[in-house]
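Working notes for the structure below.
Owing to the predicted nature of the structure, the values given are computational and were not obtained by experimental measurement. Counting from 1, the numbers follow the sequence of the chain as shown.
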Amino acid sequence: MQIAKSKRLEGIGEYYFSQKLREIEQLNKAGKNIINLGIGSPDLPPHPSVIQALQEQASLSSTHAYQSYKGVPALRNAIASWYEKYYQVSLNPETEILPLLGSKEGIMHICMTYLNEGDQVLIPNPGYPTYTSAVKLAGGTPIYFDLTEEGNWEPNFEALEASDLSKVKLMWVNYPQMPTGKKPSIELFEKLIAFGKKHQILICHDNPYSFILNDEPLSLLSISGAMDTAIELNSLSKSQNMAGWRVGMLCGAAERINEVLIFKSNMDSGMFLPVQLAAATALSLEKDWYDSVNEVYAKRREKVFELLDTLQCHYATNQVGMFVWAKIPAGVKDGYELSDQVLYNSNVFITPGGIFGTAGNQYIRVSLCGSITKFEEAIQRIEAQKAK
């Protein structure tokens, strides 16, 4: 029986990693033993106290019912305290915080809440592919703005000002930037807020990487006037090693929270209470937790630098986040070609930068989510292939 797909799926391809993981699975079945350095899924566990809180709460007979769409006060209060302590941002836990089943769903919620057919959305190139798919699924039109190495991976505001912004409703930004690892600055965030206010554009900041290899976590909401023109997504996936738990948050003005809640409340029935209470425990961890996680990532990053040196790639050593972004050597067509060479010749998978947009075609991205042993084995495989 033939059932036609909806028109909203036209032009929406399957997520790249979904396809690639199937290919890697088939290669592994053929005995290739692929080392996957592509995806940023933390391989370290959450803090033991977080797991203990989940176990204790899940063992109670009273914690298995449907929950509030806005999350329990304990979680919202923990988010507010976390923002105050680490970002110096004061949020009202009753009205300015909305817990999410992971921040990725928040991207879709925001697009569905605000976009009508014909509305345009500014999206970074390179940038997270989900921004594009969510905009298209919601009926909006993506308008890409290039981020370049020469431009320090920041928006070219002069070029944006010279363009037609009359139909632009939202702008997606993400600092620390994925995939480039560019750290934010107060000056950049001030420019974004001024731009949003001037053109009546809602600035949507996606902020899941701010604690990874970064001693200066920064929230867009810390900028004066940000609550008038910006909202921010955040997540426990990276900072707390809780990717599979699906805990995120949307922070912003009460009006924005209530608008997004209208859509979200029709999409789910709340978050499992033991997960919420365990997340509250995770958010109460002290700085030594983040220091211990970053100590591991720093050592891994040095190994990734070695791997990239072996591939003769060029990279900035001051980038932050869970990946290393690197320019491919001269003589290689693009990141796809280099990725395929390494995959099929050395049984190591690294991500081609082109999946993040055309501005990433000459780059690759390597995840830090692997053991030192795994990185050393990957280096040995690549060196062995180059020696042939």
Requested in this report: Assess whether side chain to side chain donor-acceptor pair (under 3.5 Å) is satisfied between Thr132 and Tyr144, documenting all intermediate values.
Outcome: CA-CA 9 Å; Thr132 292; Tyr144 299 101; 2.9 Å; yes

Requested in this report: Start with the C-alpha distance between Trp153 and Phe356, add both sets of side-chain angles, then the distance that settles ring-ring contact (aromatic ring centres under 6.0 Å, His included), and finish with yes or no.
Outcome: CA-CA 13 Å; Trp153 305 115; Phe356 305 107; over 10 Å; no

**Report entry** Derivation of the side-chain contact (heavy atoms from CB on, under 4.5 Å) call for Ser163 and Val168
**Finding:** CA-CA 10 Å; Ser163 63; Val168 175; over 6 Å; no

Requested in this report: Could you walk me through whether Tyr114 and Arg256 pass the side-chain contact (heavy atoms from CB on, under 4.5 Å) test, one step at a time?
Outcome: CA-CA 10 Å; Tyr114 294 110; Arg256 302 286 86 79; 3.3 Å; yes

**Report entry** Working for side-chain contact (heavy atoms from CB on, under 4.5 Å), residues Tyr83 and Glu96
**Finding:** CA-CA 12 Å; Tyr83 258 77; Glu96 296 176 337; over 6 Å; no

Query raised in the report: Stepwise, does the side-chain contact (heavy atoms from CB on, under 4.5 Å) test hold for Tyr87 with Ser222?
Result: CA-CA 7 Å; Tyr87 296 118; Ser222 67; 5.6 Å; no

**Report entry** From CA spacing to verdict: side chain to side chain donor-acceptor pair (under 3.5 Å), Tyr290, Gln240
**Finding:** CA-CA 8 Å; Tyr290 303 101; Gln240 313 291 343; 2.8 Å; yes

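If you chain together hydrophobic residues whose side chains sit under 4.5 Å apart, Leu233 and Leu75 fall into the same group. Side-chain heavy atoms closer than 4.5 Å link hydrophobic residues (I, L, V, M, F, W, Y) into clusters, and following such links, possibly through other members, connects Leu192 to Tyr131. In terms of hydrophobic clustering, with Ile, Leu, Val, Met, Phe, Trp and Tyr side chains grouped at heavy-atom distances under 4.5 Å, Tyr336 and Tyr344 are assigned to a common cluster. Cluster membership check: Trp325 shares its hydrophobic cluster with Met322, using side-chain heavy-atom separations under 4.5 Å among Ile, Leu, Val, Met, Phe, Trp and Tyr. Criterion: ILVMFWY side-chain heavy atoms under 4.5 Å apart, direct or through other members. Under it, Ile193 and Phe157 are part of a common hydrophobic cluster.
Side chain of His64 to backbone of Ala58: a donor-acceptor contact under 3.5 angstrom is found. Judged by distance alone, the side chain of Asn156 and the main-chain N or O of Asp146 form no donor-acceptor pair under 3.5 Å. A distance-only check finds a donor-acceptor pair linking the side chain of Gln276 to the backbone of Val72 [under 3.5 Å]. One N or O on the side chain of Arg300 and one on the backbone of Gly370 form a donor-acceptor pair closer than 3.5 Å. No donor-acceptor pair closer than 3.5 Å links the side chain of Asn258 to the backbone N or O of Thr95. A donor-acceptor pair under 3.5 Å is formed between the side chain of Asn125 and the backbone N or O of Thr358. Between the side chain of Gln362 and the main chain of Lys333, a donor-acceptor pair closer than 3.5 Å is present. The backbone N or O of Val348 lies less than 3.5 Å from no partner atom in the side chain of Ser346, so there is not a single donor-acceptor pair. Checked by atom type and distance alone, the side chain of Arg8 never pairs as donor or acceptor with a backbone atom of Ala138 at under 3.5 Å. Looking at Thr281, its side chain does come within 3.5 Å of a backbone N or O of Leu277 through a donor-acceptor pair.
Nearest heavy-atom pair, Ala243 versus Ser41, reported as atom, atom and distance to 0.1 Å: CB-OG, 4.4 Å. The minimum heavy-atom distance linking Ala298 with Leu213 is given by the pair N-CD2, 3.6 Å. Nearest heavy atom pair, residue Met271 against residue Leu100, reads CE-O, 3.2 Å. Here the shortest heavy-atom pairing between Ser339 and Phe349 reads OG-CE1, 3.9 Å. Taking all atoms of both residues into account, the shortest heavy-atom contact from Ile201 to Thr229 is O-OG1, 2.9 Å. Nearest heavy atom pair, residue Tyr175 against residue Pro155, reads OH-CD, 3.4 Å.
Between Glu306 and Lys303, at least one side-chain N (NZ, or NE/NH1/NH2) sits under 4.0 Å from a carboxylate O, which counts as a salt bridge. Using a cutoff of 4.0 Å between basic side-chain nitrogens and carboxylate oxygens, Asp268 and Arg246 are not scored as salt-bridged. Taking 4.0 Å as the cut-off between side-chain N and carboxylate O, Lys191 and Glu187 do not count as a salt-bridged pair. Between Glu105 and Lys264, at least one side-chain N (NZ, or NE/NH1/NH2) sits under 4.0 Å from a carboxylate O, which counts as a salt bridge.
Between Lys136 and Val121, the closest side-chain pair of non-hydrogen atoms is not below 4.5 Å. Side-chain contact between His199 and Leu122: absent, with no pair of heavy atoms (C-beta onward) separated by less than 4.5 Å. Side-chain contact between Leu170 and Val135 is absent, with no heavy atoms from C-beta onward closer than 4.5 Å. Contact annotation: the side chain of Val320 never approaches that of Tyr209 to less than 4.5 Å [non-hydrogen atoms, C-beta and beyond]. Residues Leu218 and Ser210 are not in side-chain contact: their nearest non-hydrogen atoms beyond the backbone lie 4.5 Å or more apart. In this structure, the side chains of Ile143 and Lys167 stay at 4.5 Å or more apart for every pair of heavy atoms. Under the 4.5 Å side-chain criterion, counting only non-hydrogen atoms from C-beta, Leu285 is in contact with Ser49. Residues Cys313 and Ile364 have side chains in contact (heavy-atom distance under 4.5 Å, counting atoms from C-beta outward).
Between Leu250 atom CG and Ile97 atom CD1 the span is 10.0 Å, to the nearest 0.5 Å. Note that the CD atom of Glu377 and the CG atom of Leu307 stand 11.5 Å from one another [nearest 0.5 Å]. Atom CD1 in Ile231 sits 10.5 Å away from atom CG in Asp206 (nearest 0.5 Å). Atom-to-atom distance recorded for Ser239:OG and Asn234:CG is 6.5 Å, nearest 0.5 angstrom. Atom CG in Leu308 sits 6.5 Å away from atom OH in Tyr315 (nearest 0.5 Å). Atom CD1 in Ile382 sits 10.5 Å away from atom CG in Asn347 (nearest 0.5 Å).
Counting non-hydrogen atoms of other residues, nucleotides and ligands closer than 6.0 Å to CD of Glu216 gives a total of 12 or fewer. Heavy atoms from other residues, nucleotides or ligands lying under 6.0 Å from NZ of Lys85 number more than 12. The number of heavy atoms from other shown groups lying within 6.0 Å of CD (Glu295) does not exceed 12.
In summary, of the residues considered (Gln177, Glu154, Gln319), a side-chain hydrogen bond (donor to acceptor under 3.5 Å, both in side chains) with Lys182 occurs for Glu154 alone.
Glu84 and Ser90 share a side-chain donor-acceptor pair at under 3.5 Å. With 3.5 Å as the limit, one finds a donor-acceptor pair spanning the side chains of Asp164 and Ser166.
Aromatic rings from Trp289 and Tyr86 are positioned such that their centres are separated by 6.0 Å or more.
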